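Remember, it's 1-based here, ligands and their atoms both numbered in the order they're listed. Quick caveat, the model's predicted, so the values are computed rather than measured.
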Amino acid sequence: MKTGIQKIGVMTSGGDSPGMNACIRAVVRTAAYHGVETIGFLRGYEGLVESDWVPLPTSAVSNIIQRGGTILKTARSVTFRTPEGRRRVYDNLRKLGVDGLVVIGGDGTYTGAKTLLEEYPDLRIMGCPGTIDNDLYGTDFTIGYDTAINTAMRAIDKIRDTADATDRLFFVEVMGRDAGLIALRTGIGSGAEAVLIPETPTDIDEIIALLERGWKRKKSSSIIVVAEGDDAGGAFAVAEKVKTRLKAYETKVAILGHVQRGGSPTCMDRILASRLGAAAVEALLAGRSGGACGLLHRDVVEIPFTEAIKHNRTINPNLLRLVDMLSC
Ligand code: F6P
């Protein structure tokens, strides 16, 4: 591939997710394979504004494919949100001779890349979807989601043991400030009685009715998975509302929190990160820019940042129905 690209930059931004390191590794190794040098900007857009970077020879990414977090760190940059901040990013990239950039992150990261390209169209930027929330349009899965749902599911398996032993009802809160995709799949995988998500209105009466039906059928314990951004509130708020009216069960709350963001990525996440990191570099080398790489129906695809940002990821109603059917 001959496109005149000699040096590319890579950074991770927004909430970290397991597999970001595997993606950085893929970027560095793919670039090296094509004879291109890579540098890594630290703390997302902040590193681009401040020209805070590290060289990334192939040896710098040895032994990181299995590590959670991100070796490049991540942060939210206030300065980048200003036109002056973005001017500094442009100047820094030009000074450093960086001809292409790979940004790894979520919605905010893509929005930043899109704004930068609108102001400086001569830059070349590609994106990889790194977030545990799986809430990006244009990819079936985001890097880190599979690990996060497996972490949450394993935690709920443990909660189920004690819930069963003590005949209790547990409200388990999982991450997802704006999206219920972690809650939905985790709920199905852990056999939850109900899943409460921001995308659908939560009806407390319905939950109470469901739990009462279960109690009558001699169901001695129950698990309800609540996304942190549910419209009825988090797990504590929902538990409070249910508890006052349902005396059958002793009720407990467990908040899984940031444990879902860490840990060694699953094989699925490592492969996804490797494929998309390599695709982003090869897209830059082929002269393309402004695209978010994703995986749709097993194939690597690219959609414009504008599209990825504009559309909300929708919830598959069949999965919601499955929760209802399997909890009877
Ligand atoms: O990574 C996405 C996410 O996990 C959301 O689901 C969650 O609400 C948010 O990050 C919390 O991020 P932080 O604690 O870093 O602000």
Side-chain angles (χ1 to χ4, degrees), residues 11-24 42-47 67-78 80-81 103-113 127-139 141-156 171-187 189 195-200 202 225-238 253-266 268-269 272-273 276 292 294 308-309 312-315:
M11 61 82 142
T12 49
S13 167
D16 53 283
S17 65
M20 278 184 162
N21 281 327
C23 193
I24 297 166
L42 300 174
R43 296 186 172 79
Y45 286 111
E46 194 60 19
R67 282 171 56 190
T70 158
I71 60 163
L72 295 178
K73 311 255 183 192
T74 182
R76 294 184 172 95
S77 173
V78 178
F80 178 75
R81 296 210 188 106
V103 296
I104 307 166
D107 210 53
T109 309
Y110 285 0
T111 305
C128 290
T131 166
I132 63 164
D133 288 337
N134 203 33
D135 58 348
L136 286 175
Y137 182 80
T139 186
F141 297 106
T142 57
I143 299 162
Y145 176 62
D146 187 58
T147 308
I149 56 178
N150 275 288
T151 300
M153 184 194 70
R154 280 195 295 269
I156 296 175
F171 288 88
V172 184
E173 184 176 300
V174 298
M175 274 188 160
R177 196 168 29 206
D178 307 306
L181 288 127
I182 294 178
L184 185 54
R185 282 192 187 246
T186 300
V195 172
L196 313 184
I197 56 176
E199 292 86 345
T200 56
T202 291
V225 175
V226 186
E228 62 175 315
D230 185 62
D231 60 313
F236 273 113
V238 177
V253 173
I255 312 279
L256 300 189
H258 287 78
V259 72
Q260 295 158 93
R261 282 247 289 258
S264 182
T266 59
M268 291 295 273
D269 271 332
L272 180 67
L276 299 187
I309 295 158
N312 278 331
R313 182 70 189 266
T314 50
I315 290 284

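The distance from ligand 1 to the heavy atoms of R76 drops below 4.0 Å at these ligand atoms: 15 (O), 16 (O).
Here's the thing with I132: none of its N/O atoms is less than 3.5 angstrom from an N/O atom of ligand 1.
Nearest protein heavy-atom neighbour of atom 4 (O) of ligand 1: M175 SD, 3.1 Å. With hydrogens left out, the protein atom closest to atom 7 (C) of ligand 1 is E228 OE2, 3.1 Å, a heavy atom. Among protein heavy atoms, the minimum distance from atom 15 (O) of ligand 1 is reached at R261 NH2, 3.1 Å. Nearest protein heavy-atom neighbour of atom 14 (O) of ligand 1: H258 NE2, 2.7 Å. In this structure, the protein non-hydrogen atom closest to atom 6 (O) of ligand 1 is D133 OD1, 2.8 Å.
The closest donor-acceptor contact from the side chain of Q260 to the backbone of A152 lies at 3.5 Å or more, if one exists at all. In terms of modelled atom types and a separation under 3.5 Å, the side chain of D135 and the main chain of R313 share no donor-acceptor contact. Not one N or O on the side chain of D269 forms a donor-acceptor pair closer than 3.5 Å with the backbone of I143. Within the 3.5 Å criterion, the main-chain N or O of T131 finds a donor-acceptor partner in the side chain of T142.
In summary, the side chains of T266 and N150 do not present any donor paired with an acceptor at a separation below 3.5 Å, with no hydrogens or angles considered.
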Sequence neighbours excluded and cut-off under 3.5 Å, please list the side-chain donor-acceptor pairs for residues 103-113, or say none.
unit_1: T109; atom_1: OG1; unit_2: S13; atom_2: OG; d: 3.3
unit_1: T109; atom_1: OG1; unit_2: G106; atom_2: N; d: 3.3
unit_1: T111; atom_1: OG1; unit_2: D107; atom_2: O; d: 2.8

